[in-house]
Amino acid sequence: MQKYERLEKIGEGTYGTVFKAKNAHTQEIVALKRVRLDEDDEGVPSSALRETCLLKELKQRNIVNLIEVLYSERKLTLVFEFCDMDLKKYFETLSTPIDQVTVQTLFYQLLRGVAFCHSKNVLHRDLKPQNILINKNGELKLADFGLARAFGIPVRCYSAEVVTLWYRPPDVLFGAKLYTTSIDVWSAACIFAELSTSGKPLFPGSDVDDQLQRIFKLLGTASESTWEGVSKLPEFKQFQEYPISMTWEQVVPNLNNAGTDLLQLMMVCDPSKRISAEVAYHHSYFDSLPNYIHLWYTD
Ligand code: Z3R
């Protein structure tokens, strides 16, 4: 008998379809992610198998638990704990704006999850609302941490959907190949802004040039004087100086001063000047966090 009974489809991820499923022995509800690798490759590369097995040890309350990795008929299935919905669907189903205490509690959990993975030297590299999951009780969990190293980030999803550029930092958009923890800090900052506006993406670029233009119109155009080494990046090109037409207060009107300050410390074009996720979750923006959240981290 099959160990998992497949129920409905719940998502189209970068690497394959995600299904809700039930463990036939324990009745436990899980999420199954069948990973599609290159069609012409002979089975699953051993490096991918090794990487995914390491991810089983990555346990923290803000990381979606990887229960087991199944490997059969040359295909890989990742079995995860089930969560009620992803942040993309949460934004789509909102009927009223998200209150700012919820923004604070969700973003705090996001930063705790990112900081934990970074402390274990695991990067995400593709953080976006679709791989941020939330439960009915307000818990947030990150999905797909470490999968980029295991499988790479394709240009298109297996379903031919284009991979979004909206959460990519300028260094990666200019072709930087050396990935560091700072990439996830930028993505987290974009998601912070989007949470504060109840789902209005901060930089919804249509291609690499448009993406960089949108960033530079808010932060100023990157140049050697503000970001040493930028001109040496593989796909660097000089963009014009755009007049700054929007203030932070106009971009994220619902964030208080501490929130706007935190956002600006994370959203810096030069990756070496971005604060870390660990420093970010200690920022004074979180001084007024509800007490029960702290209790989650006392073990
Ligand atoms: C692990 C990895 C990816 C996903 C998991 C668990 N759960 C997902 S995506 C999910 C998505 C929804 S509900 C659960 S949706 O209905 O909001 N798209």
Side-chain angles (χ1 to χ4, degrees), residues 3-4 10-19 21 23 30-83 86 110-133 140-159 161 163-164 167-169 171-172 175-188 191 271 276-278:
K3 184 167 179 186
Y4 295 99
I10 50 178
E12 294 272 13
T14 308
Y15 307 101
T17 312
V18 188
F19 288 92
N23 182 317
V30 296
L32 294 186
K33 177 169 254 183
R34 162 72 66 89
V35 177
R36 304 241 183 136
L37 296 155
D38 262 345
E39 294 290 331
D40 33 86
D41 276 1
E42 293 261 319
V44 178
S46 57
S47 62
L49 212 50
R50 226 180 309 115
E51 292 287 345
T52 45
C53 286
L54 288 174
L55 296 178
K56 275 200 300 200
E57 311 309 315
L58 204 66
K59 296 206 188 295
Q60 195 261 356
R61 67 181 305 140
N62 304 117
I63 305 300
V64 181
N65 187 32
L66 175 56
I67 300 165
E68 62 176 334
V69 180
L70 305 174
Y71 179 48
S72 73
E73 294 157 34
R74 292 181 168 172
K75 292 203 171 64
L76 207 55
T77 304
L78 309 183
V79 184
F80 291 99
E81 75 174 291
F82 182 75
C83 293
D86 61 41
L110 193 160
L111 288 173
R112 290 292 299 239
V114 172
F116 172 79
C117 291
H118 288 178
S119 76
K120 307 282 180 203
N121 289 312
V122 178
L123 310 185
H124 194 294
R125 300 194 349 201
D126 194 26
L127 268 180
K128 55 189 173 188
Q130 261 168 300
N131 48 42
I132 297 171
L133 305 173
L140 176 146
K141 291 169 192 276
L142 305 172
D144 293 0
F145 244 100
L147 293 193
R149 187 163 76 177
F151 311 120
I153 300 182
V155 178
R156 279 168 194 280
C157 302
Y158 80 98
S159 60
E161 200 184 317
V163 172
T164 185
Y167 307 92
R168 290 221 180 143
D171 43 309
V172 174
K177 295 285 178 328
L178 187 74
Y179 297 117
T180 71
T181 53
S182 63
I183 177 172
D184 295 332
V185 171
W186 178 278
S187 309
I191 293 159
S276 67
E278 161 107 39

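Residues: numbered from 1 along the sequence shown.
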Are the side chains of F145 and V64 in touch, meaning some heavy atoms are under 4.5 Å apart?
-> no
May I ask you to test the Y179-V172 pair for a side-chain heavy-atom distance under 4.5 Å?
-> yes
On a heavy-atom basis, the closest approach of G13 and V18 is N-CG2, 4.5 Å
Rounded to the nearest 0.5 Å, what separation is found between the NE2 atom of H124 and the CG atom of N131?
-> 4.0 Å
Heavy-atom pair with the smallest gap, counting every atom of R125 and A148 | NE-CB, 3.6 Å
Residue pair D126 / L147, side-chain heavy-atom distance below 4.5 Å = no
Rounded distance (nearest 0.5 Å) linking atom OG of S119 with atom CG of L58 = 8.5 Å
Nearest heavy-atom neighbours spanning L66 and K59 = O-NZ, 3.7 Å
Could you pull out the closest heavy-atom pair between E68 and Y4, with the gap in Å?
-> OE2-OH, 2.6 Å
So with a 6.0 Å cut-off around NZ of K75, is the heavy-atom count from everything else above 12?
-> no
So, does K177 use its side chain to make a donor-acceptor pair with the main chain of G175 at under 3.5 Å?
-> yes
Please report the shortest heavy-atom distance between A188 and L111, naming the atom on each side.
-> CB-CD2, 4.5 Å
Give me the one residue out of L76, V79, D144, I10 that meets side-chain contact (heavy atoms from CB on, under 4.5 Å) with K33.
-> D144
How long is the gap from CD on Q60 to NZ on K120, to the nearest 0.5 Å?
-> 10.0 Å
Y167 side, atom OH; Q130 side, atom CD - distance, nearest 0.5 Å | 8.5 Å
Distance-only, no hydrogens or angles: does the D86 side chain make a donor-acceptor pair with backbone N or O of L133 under 3.5 Å?
-> no
How long is the gap from CG on L127 to CD1 on I191, to the nearest 0.5 Å?
-> 5.0 Å
Salt-bridged, K141 to E81, with N to O below 4.0 Å?
-> yes
Is any side-chain heavy atom of L123 closer than 4.5 Å to a side-chain heavy atom of H118?
-> yes
L142 and L110, any side-chain heavy atoms less than 4.5 Å apart | yes
Rounded to the nearest 0.5 Å, what separation is found between the CZ atom of R112 and the CD1 atom of I63?
-> 11.5 Å
